[in-house]
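Computation of the quantities below employed the complete heavy-atom set of this structure, encompassing side-chain atoms and omitting hydrogens, waters and symmetry-equivalent molecules. No experiment lies behind these values; they were computed from the predicted model shown.
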Amino acid sequence: MPKNKKTEWQVGDPAISVVSDQFCNPYPMDLLVKRKVQNFSKDHYEVFDPSGNLLLQIDGQAWGFNRKRIMRDPAGFTILTMRQKGLALKNKWEVHGGESKEREDLLFTVQQSQAVSLKTSVDIFLPENNNVKKTSNTCDFHASGGYSNISFKVFKSDALIAGVTHKFTWGSFCKGKYNFKVRVNPEVDYAFIIALLVMVDDNENWC
């Protein structure tokens, strides 16, 4: 969990590869994420670089329990699957490589820091840390944000590794679509950050 003194992940720091090394770049990345509700049960995310190239796409259920979301590359190849884990005081997701459900393919787990909170606060655990008691003091990464929108920052210990900015408008809300701006620091796995964004968005906004 981040301490009072915060630093920032920079060029030359070790790579943070959670999904795959192929999603780690040696320079900062600015990404645009577009979300659109396709119908009453499904929505769709698209991730673009500053040149407008499609990098990732995510589909899944917009309503219900035990939801599932699948991240694919531009060609439609499955990268990972996010699954919500039933009813619990703290909303929890498990993320596996490809479409697997197997323990050996687990990439990371996301869990709300507190059962009731008015602002974004989630803890992320890697598989090797999966058997310890899950608290904000034992997590591998932590994401925290404000009260008024789905903007948040992602930390590894006390180091900032990525930031997500979302500005809520009633116009975009009523149309069922809105955008995020994502800043990913050097050598940080952007597929990991985007997956985290999708799960936080799902937790905070069920529309």
Side-chain angles (χ1 to χ4, degrees), residues 15-85 91-110 122 124-127 141 143 150 152 154 161-166 172 175-185 187-207:
I16 297 176
S17 175
V18 178
V19 179
S20 173
D21 292 342
Q22 73 183 85
F23 302 113
C24 299
N25 289 299
Y27 49 83
M29 293 188 70
D30 291 306
L31 305 174
L32 175 65
V33 181
K34 297 183 178 182
R35 180 206 186 215
K36 182 177 182 180
V37 177
Q38 296 180 318
N39 54 46
F40 288 111
S41 63
K42 294 182 179 180
D43 56 13
H44 180 72
Y45 295 80
E46 292 181 324
V47 183
F48 299 90
D49 69 12
S51 299
N53 299 307
L54 178 65
L55 300 179
L56 301 169
Q57 47 191 338
I58 302 98
D59 292 292
Q61 298 165 264
W63 297 91
F65 301 105
N66 295 312
R67 281 164 287 178
K68 181 175 76 171
R69 298 185 181 276
I70 298 175
M71 177 184 289
R72 298 182 174 89
D73 68 11
F77 179 78
T78 300
I79 298 170
L80 58 81
T81 301
M82 299 163 262
R83 295 180 178 90
Q84 186 189 38
K85 302 303 291 181
N91 207 342
K92 180 180 177 181
W93 293 76
E94 288 186 351
V95 182
H96 292 78
E99 297 186 35
S100 174
K101 293 182 180 180
E102 302 303 320
R103 185 185 184 93
E104 59 266 25
D105 297 315
L106 181 68
L107 297 175
F108 61 97
T109 303
V110 178
V122 298
I124 303 96
F125 301 87
L126 297 177
F141 305 94
I150 316 169
F152 61 92
V154 186
I161 63 172
V164 174
T165 304
H166 165 65
S172 61
K175 293 178 182 178
K177 57 183 180 181
Y178 49 80
N179 298 340
F180 298 89
K181 291 182 179 179
V182 182
R183 175 77 168 184
V184 183
N185 284 18
E187 299 294 355
V188 175
D189 187 329
Y190 69 85
F192 163 59
I193 300 299
I194 296 300
L196 182 58
L197 182 163
V198 170
M199 289 179 283
V200 168
D201 184 32
D202 198 292
N203 288 347
E204 302 292 333
N205 187 4
W206 284 34
C207 64

Closest heavy-atom contact between [X] and [Y]?
{"X": "Leu106", "Y": "Val95", "result": "CD1-O, 3.4 Å"}
{"X": "Asn179", "Y": "His166", "result": "O-ND1, 3.3 Å"}
{"X": "Asp43", "Y": "Val37", "result": "CB-CA, 3.8 Å"}

Apply side-chain hydrogen bond (donor to acceptor under 3.5 Å, both in side chains) to Asp49 and list each qualifying residue two or more places apart in sequence or on a separate chain. Asn53

Please enumerate all residues that pass side-chain hydrogen bond (donor to acceptor under 3.5 Å, both in side chains) together with Asp73, with sequence neighbours excluded. none

Contacts of type salt bridge (charged side-chain N to carboxylate O under 4.0 Å, His left out), residue Asp21, not counting sequence neighbours: none

Using the side-chain contact (heavy atoms from CB on, under 4.5 Å) criterion, which residues pair with [X]? Sequence neighbours excluded.
{"X": "Pro74", "result": "Leu54"}
{"X": "Ala191", "result": "Val19, Phe23, Leu56, Met71, Asp189"}
{"X": "Glu102", "result": "Ser100, Glu104, Asp105"}

Heavy-atom distance under 4.5 Å between the side chains of [X] and [Y], does that happen here?
{"X": "Asn91", "Y": "Val122", "value": "no"}
{"X": "Tyr45", "Y": "Ile194", "value": "no"}
{"X": "Asp201", "Y": "Tyr178", "value": "yes"}
{"X": "Ile193", "Y": "Val18", "value": "no"}
{"X": "Thr109", "Y": "Lys85", "value": "no"}
{"X": "Gln22", "Y": "Ile79", "value": "no"}
{"X": "Ile70", "Y": "Asp59", "value": "no"}
{"X": "Trp93", "Y": "Arg67", "value": "yes"}

Pairwise distance [atom1]([X]) to [atom2]([Y]) - rounded to 0.5 angstrom:
{"X": "Tyr190", "Y": "Leu55", "atom1": "OH", "atom2": "CG", "value": "4.5 Å"}
{"X": "Glu99", "Y": "Leu80", "atom1": "CD", "atom2": "CG", "value": "10.5 Å"}
{"X": "Glu46", "Y": "Lys34", "atom1": "CD", "atom2": "NZ", "value": "7.5 Å"}
{"X": "Phe180", "Y": "Leu32", "atom1": "CZ", "atom2": "CG", "value": "10.5 Å"}

Please answer whether the main-chain N or O of Met82 pairs with a side-chain N or O of His96 as donor and acceptor at a distance below 3.5 Å. no

Any donor and acceptor pair, going by atom type alone, linking the side chain of Thr81 with main-chain N or O of Gly98 inside 3.5 Å? yes

Ring centres of Phe108 and Phe141 under 6.0 Å apart? no

Given Asp202, which of Lys92, Arg83, Arg69 fulfils the salt bridge (charged side-chain N to carboxylate O under 4.0 Å, His left out) condition? Arg69

